[in-house]
Protein chains: 2
Amino acid sequence: MTGTAEWLDDREQRTWQAFHDMQVLLWRRLGHHLARESGLSEPDYAVLTALAAAPGGRMRPFEISVVTDFEKSRLHHHLTRMVERGLVTREPCLDAPRGAEIALTAAGRDAIESAAPQRAEHVRRWLLQQLTKEQQDALAEISEAVLANLRAAGRPSLGGQDEEPCSPPSC
Amino acid sequence: MTGTAEWLDDREQRTWQAFHDMQVLLWRRLGHHLARESGLSEPDYAVLTALAAAPGGRMRPFEISVVTDFEKSRLHHHLTRMVERGLVTREPCLDAPRGAEIALTAAGRDAIESAAPQRAEHVRRWLLQQLTKEQQDALAEISEAVLANLRAAGRPSLGGQDEEPCSPPSC
DNA sequence: ACACTGGGGTTGATGCATCAACCGCCCCGT
DNA sequence: ACGGGGCGGTTGATGCATCAACCCCAGTGT
């Protein structure tokens, strides 16, 4: 189609395969430890982290969705489950008629404060400690490069050009 | 506890944050493209790839679970959905009483054969082309190092030592 | 004044992931 | 011959992710 080969060459294949497998296993491991030791899921952790950093432990849902990068619907459903478990409360927003406000409960703050150091330890143990300092920096640069490209191509209307969010040659 | 600081230092934090965000966005992008262009999910793709590489397009479920690294239960549920969509069939296994056999249908083979080149293109476009060859190799080495550690610690009874699958100091 | 649009939020349906328990059968030890 | 244990497979329950549609209100244009 676009003149590219059908599949990946050896170097590409090795990189992709290793990256793919590593990533799957790493998330699984981190998620399991988080759940077993803190009773929190990854999205729980993301939401609680955002709330804990906010003044008063309170945020509007759409603010949370910005920092966690969750769709509003996903976030709403997740908040509903978190309310049921007593981690947060959903209150009507005072200065906006149609708005809601999410507030951390005491249990929620306890949960995130006890989970955070464990999380740091796990990230070190399963990822960072396996790498030299040079590799850590290399991984940061790699990630930032890939991320920049993803974000650039994911926002069609931002730089002024009406670029396609799909693949460049033929979409 | 183990003498480690409570949270990550600046270098660690940068690496972790970038890696985390990159990974989330990259999977989202790849998954969306796969779904929109091929009508397949990531697990569909993994299962179909395994089957397409098997002689006759047939495998026992437990064989699939080995190569895809899916739990048997997850795999069973997923296969059920794939059967309903006509991608594979589930047949009683001839030479094993209690066993089943999964076979690729014509539709399943079409799906994977048309999806594979697109997949390769996406992996190149969103990951590999953003990296220099040195970075590709660095990412492969990083991934393999992390993966080796994950796999080693994930199998307590293999080297002879009864090692903990949890963090090393206190589990 | 009135239709339009857009943002914040909600809902329901569907598909995917995980856990726990269970069934049948084979193999092994005694 | 009989009792366990383990493996391949199945089931149901629950939580998470995604999509599409919808509601309400505010601001805007005309």
Side-chain angles (χ1 to χ4, degrees), chain A residues 23-25 27-36 38-48 58-102 157, chain B residues 23-25 27-36 38-48 58-102 157:
Chain A
Q23 193 273 136
V24 169
L25 275 199
W27 291 130
R28 197 179 289 173
R29 187 69 50 97
L30 290 175
H32 278 186
H33 277 279
L34 184 61
R36 291 205 281 95
S38 308
L40 298 177
S41 66
E42 291 279 349
D44 290 338
Y45 187 86
V47 169
L48 292 178
R58 314 183 136 265
M59 289 176 83
R60 300 282 302 275
F62 80 95
E63 296 175 306
I64 303 178
S65 86
V66 170
V67 304
T68 59
D69 198 22
F70 289 1
E71 278 185 50
K72 61 184 181 179
S73 174
R74 172 185 179 186
L75 177 61
H76 180 85
H77 285 134
H78 201 83
L79 288 173
T80 300
R81 290 188 292 265
M82 292 179 76
V83 168
E84 285 167 0
R85 287 189 291 149
L87 294 170
V88 301
T89 59
R90 193 169 357 219
E91 305 166 5
C93 186
L94 300 177
D95 47 73
R98 191 78 199 129
E101 184 150 39
I102 305 299
S157 55
Chain B
Q23 195 274 132
V24 168
L25 275 198
W27 292 128
R28 196 179 290 173
R29 187 68 50 97
L30 290 174
H32 278 186
H33 277 280
L34 185 61
R36 292 203 281 98
S38 307
L40 299 177
S41 67
E42 292 279 350
D44 290 339
Y45 187 86
V47 169
L48 291 178
R58 313 183 137 265
M59 290 177 82
R60 300 282 301 276
F62 80 94
E63 297 176 305
I64 303 178
S65 85
V66 169
V67 304
T68 59
D69 197 23
F70 290 2
E71 278 185 53
K72 61 184 180 180
S73 175
R74 172 185 179 186
L75 178 61
H76 180 85
H77 285 135
H78 202 82
L79 288 173
T80 301
R81 290 188 292 264
M82 292 178 77
V83 168
E84 287 168 359
R85 288 188 290 150
L87 294 170
V88 302
T89 59
R90 188 162 11 211
E91 304 165 5
C93 187
L94 300 176
D95 48 72
R98 191 76 198 132
E101 184 151 38
I102 305 299
S157 54

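Naming convention: chains lettered A, B, ... in sequence-line order (proteins, then strands); numbering from 1 in each chain. Remember, predicted model here, so these are calculated numbers, not experimental data.
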B:Ser65: partners by side-chain hydrogen bond (donor to acceptor under 3.5 Å, both in side chains), with sequence neighbours left out: none
Contact under 4.0 Å: A:His76 side-chain N or O vs C:dG9 OP1/OP2: no
OP1 or OP2 of C:dC19 under 4.0 Å from side-chain N/O of A:His32: yes
B:Ile64 CD1 - D:dC7 P separation (whole Å): 19 Å
Heavy-atom pair with the smallest gap, counting every atom of A:Pro61 and A:Ala100: CD-O, 3.3 Å
Gap between atoms NZ and C1', on A:Lys72 and D:dT18 respectively (whole Å): 14 Å
A:Phe62 side chain, from C-beta outward: closest of C:dT10, D:dC19, C:dG8: C:dG8
Closest non-hydrogen atom pair, A:Arg85 against A:Gly39: NH1-O, 3.6 Å
Set of side-chain hydrogen bond (donor to acceptor under 3.5 Å, both in side chains) partners for B:Thr68, sequence neighbours left out: none
Salt bridge (charged side-chain N to carboxylate O under 4.0 Å, His left out) pairs, two or more places apart, involving residues 62-81 of chain A: A:Asp69-B:Arg28
Terminal helix-axis angle for the helix from C:dA1-D:dT30 to C:dT30-D:dA1, with five pairs defining each axis and rounding to 10 degrees: 10°
Distance in angstrom units between A:Leu75 CG and C:dT11 C1', rounded: 15 Å
With B:Ser38 via side chain to side chain contact (heavy atoms under 4.5 Å, CB included) - residues at least two apart: B:Leu34, B:Leu40, B:Ala115, B:Gln118
B/S/- contact track for nucleotides 12-17 of chain C, protein heavy atom under 4.0 Å: BB-SBS
Sugar-phosphate, base or nothing in reach of A:Arg28, heavy atoms under 4.0 Å: nothing
Evaluation steps, side chain to side chain contact (heavy atoms under 4.5 Å, CB included), between A:Met59 and A:Ile102: CA-CA 5 Å; A:Met59 289 176 83; A:Ile102 305 299; 5.5 Å; no
Non-neighbouring partners of A:Val66 that pass side chain to side chain contact (heavy atoms under 4.5 Å, CB included), sequence neighbours left out: none
Given DNA chain C, 5'-ward residue of the pair B:Glu71 and A:Pro61, judged by closest heavy atom: A:Pro61
Set of residues satisfying side-chain hydrogen bond (donor to acceptor under 3.5 Å, both in side chains) with respect to B:Thr80, sequence neighbours excluded: B:Arg90
Gap between atoms CZ and P, on A:Arg60 and D:dC25 respectively (whole Å): 14 Å
Rounded interatomic separation in angstrom, taking CD from B:Glu101 and C1' from D:dG9: 14 Å
